2 protein chains.
Amino acid sequence: MVQARRSSKKTRVTSLDIAHRAGVSQATVSRVLRGSPLVNADTRCRVEEAVRELNYKVDRHASSLRTQRAGTLALLLFEDPTADDSHINPFFLAMLGSITRACARHGHDLLVSFQQLSDDWHADYDDSMKADGLILLGYGDYLAYESTLAQLVAQGTHFVRWGHVWPDQPGVTIGCDNANGGRLAGRHLLQLGRRRIAFLGNASDGFPEFQARHRGCAQALAEAGLSLAAELQVNADSTEQAGYEAARALLAHGRSFDAVFAASDLIAIGAMRALQDAGLRVPADVAVVGFDGTPMARFCNPPLTTVVQDTTTAGELLVQALLAQVRGEDAVSLMLQPTLDVRASSIA
Amino acid sequence: MVQARRSSKKTRVTSLDIAHRAGVSQATVSRVLRGSPLVNADTRCRVEEAVRELNYKVDRHASSLRTQRAGTLALLLFEDPTADDSHINPFFLAMLGSITRACARHGHDLLVSFQQLSDDWHADYDDSMKADGLILLGYGDYLAYESTLAQLVAQGTHFVRWGHVWPDQPGVTIGCDNANGGRLAGRHLLQLGRRRIAFLGNASDGFPEFQARHRGCAQALAEAGLSLAAELQVNADSTEQAGYEAARALLAHGRSFDAVFAASDLIAIGAMRALQDAGLRVPADVAVVGFDGTPMARFCNPPLTTVVQDTTTAGELLVQALLAQVRGEDAVSLMLQPTLDVRASSIA
DNA sequence: CTGAAAGCGCTTACAG
DNA sequence: CTGAAAGCGCTTACAG
């Protein structure tokens, strides 16, 4: 099989070309480029000039082959297999953005890959040396891939995960204090005089983040001597469609409620539409609070009160924790504190 | 500087280990893994078994160093320097998603990088062999980087660009038929009986895509013997904020209009808010049409009529065109036809 | 169909 | 401070 060469391109400039031009050995060129202090200032200048003149760039493959380090991290984004093509969860998209920037700040490249939880993805990126470490991001049933995490640890693969933080979890996890986020939402609604709060979102064991949001909200109510009524909880995945349907189900059952705490912004936006379609006013009849702090929350009508996860900090911490591991240092799991953005969906 | 080794990890399995285990030469292992037909079926099986048993993965750096091909594409996303961290244009985020998937389908990895137009980015990814080719995506003033494109061509860098398609452009561009999109929007509004159509978006030479959308809409009006009034055009970047301000400016001037065609969904969503804040009803008083077909368009209130760019097809075509170039084949620029999604922001 | 060997372009002890 | 040399792990003519 004949592969076309990049015919239009001049033959590649190597460190040997630089060495000739600068009148030094190839080893010295390498030292200059790696920033070694063992180089005479004059020599350094000559080499740097040659590098500039010939527009030389170090070959990453040769360098990585030698050093056994890729200078690259891989982001594996796990998607709900049912997700349609254009529909990546906006929260994870925001995370992708902040992780990309964090990688750049730390001088690393980022490989991005979308995966299904069911895939046999494993540590392919790591094993083939494409990346020094993995960042795992995603939704779907946590239980489904817990065993894979243990395997990654056993193999010595460097990785960090964004998600719910448990006490004895395999590997390093950075996550949001979801319970506290739920508490913020609950207290806010209580302050507004709401008493019958519905929770929309899957609160089963496979979805520990949603579960913690639910638990936190329940705690806030308990502090006030109230409780989150079980019949006002409806399961929903994190999609607008699921939120719409969950709110419809709630209405269909004829149960009275004066507030909705949705486990995600998408669910909240879907729920608001269902409420409005049913002739209810938001927030006059039903106050709505979401979770995530996605850009959409500002644009919907009415603008959505939401528990904000700071994706910029999250991305930075994920990258820092991963690079620490790569350097052989210890990294620990930790939780970020969310904040509440109050908008018109909850206050009149 | 002492670098910690990945101490917890067993020493790396190489093709030589596989060769020993399978009782063949290392060269044969490589042949099997590359899918060479010059291997006995039996031998192939033995090698494949050893690969499985030892969980061997080809070292990408060694392979790429030898073949001079990275098996990786790089996506350079150019951002408005003023963009705040969490605020990547949702249209480009959707493109990122579809490009990631398209790369996976074609067996390539994707490196993602955010860049500022002003940066001296150039062809770093290509020169350092990190990627076989570049996908350029972004907004901001086109004129600002046209010369850089010519330079890429001169260097023989493989790249494709998403953007406005001109007749004699350097390199390969895939883009939307923006003029036709503008025509779709214009005709739609005319059909609804609207006559005084405002255009929100920067229609200067530096923004050829917006300009084409404006031109197309003007043509639709011209076909009906009408015209797009110059005093109803207000510049706006593609942000919700800019859309809000542009609509405010329009209202402040006291000019009458019964429809808004916004150059992007973000502009449209901002404009809708400004109109509603001013007590106008959408669409009863003013019909609004956006451009892009972002997910947000469905969620806002009222849901937004918008000219849809098919990001899935766009991503696939970008990757195909780039890989064709990498193989040494010719690739040509082409335009995708947009469609119109009619929603409640234009029809009652 | 298979093996021995060269070589991709670096980095880094080692010797001076 | 600098150079000569080994070697990272592959792929692919070349010879059989």
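Only a predicted model underlies this, so the values are computations on that prediction, with no experimental measurement involved.
Between the CZ atom of Arg60(A) and the P atom of dT11(C) there is a distance of 11 Å, given to the nearest Å. Rounded to a whole Å, the CG atom of Leu65(B) is 9 Å from the P atom of dC10(C). One can place CD1 of Ile18(B) at 13 Å from P of dG9(D), the figure rounded to the nearest angstrom. Remark: P of dG9(C) and NE2 of His20(A) are 13 Å apart, rounded to the nearest angstrom. Remark: P of dG9(D) and CG of Asp59(A) are 16 Å apart, rounded to the nearest angstrom. Per the geometry, CE belonging to Met129(A) stands 13 Å off C1' belonging to dC10(D), to the nearest Å. The distance from atom CZ of Arg12(A) to atom P of dC8(C) is 12 Å, rounded to the nearest whole Å. The nearest whole Å value for the distance from the CD atom in Gln68(A) to the C1' atom in dA6(D) is 15 Å.
In the region residues 38-51 of chain B, proximity to DNA chain C at under 4.0 angstrom, judged on heavy atoms, holds for Leu38(B), Val39(B), Asn40(B), Thr43(B).
Residues Asp126(B) and Gln155(B) fail the side-chain proximity criterion, which asks for heavy atoms closer than 4.5 Å. The shortest side-chain heavy-atom distance between Phe78(A) and Leu76(A) falls under the 4.5 Å cut-off. Residues His106(A) and Leu73(A) form no side-chain contact, since every pair of their non-hydrogen atoms from C-beta on lies 4.5 Å or further apart.
Between Ala324(A) and Asp330(A), the closest heavy-atom pair is CB-O, 4.3 Å.
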Below 3.5 Å between N/O atoms, which protein atoms pair up with nucleotides 12-16 of chain C? Just atom names and distances, please.
| residue | atom | partner | partner atom | Å |
| --- | --- | --- | --- | --- |
| dA13(C) | N6 | Arg31(A) | NH2 | 3.0 |

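A donor-acceptor pair under 3.5 Å is absent between the side-chain atoms of Glu316(A) and the main chain of Arg105(A), judged by distance alone. Remark: side-chain polar atoms of Ser98(A) are paired, donor with acceptor, to backbone N or O of Thr311(A) under 3.5 angstrom. Remark: the backbone N or O of Arg69(A) is paired with a side-chain donor or acceptor of Ser64(A) at under 3.5 angstrom.
In summary, of the residues considered (Leu137(A), Leu318(A), Leu322(A), Leu149(A)), a side-chain contact (heavy atoms from CB on, under 4.5 Å) with Arg161(A) occurs for Leu149(A) alone.
Remark: DNA chain C takes part in the stems C:1-3 with D:14-16, C:5-12 with D:5-12, C:14-16 with D:1-3, each of 3 or more antiparallel Watson-Crick or G-U pairs, criterion distances under 3.5 Å.
Contact annotation: Ser63(B) reaches the phosphate of dT11(D) (side-chain N/O to OP1 or OP2, under 4.0 Å). The shortest distance between the side-chain N/O atoms of Thr14(B) and the OP1/OP2 oxygens of dG9(D) is not below 4.0 Å.
Contacts classified as ring pair (Phe, Tyr, Trp, His ring centres under 6.0 Å) and involving residues 22-71 of chain A (residues at least two apart or in different chains) are given here: His61(A)-His61(B).
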Exercise answer: donor-acceptor pairs, residues 28-37 of chain B side-chain atoms, under 3.5 Å, sequence neighbours excluded:
| residue | atom | partner | partner atom | Å |
| --- | --- | --- | --- | --- |
| Thr28(B) | OG1 | Ser25(B) | OG | 3.3 |
| Ser36(B) | OG | Leu38(B) | N | 3.1 |

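Applying the side chain to side chain contact (heavy atoms under 4.5 Å, CB included) rule to His20(A) yields the partners Leu16(A); only residues at least two apart in sequence or on another chain are considered.
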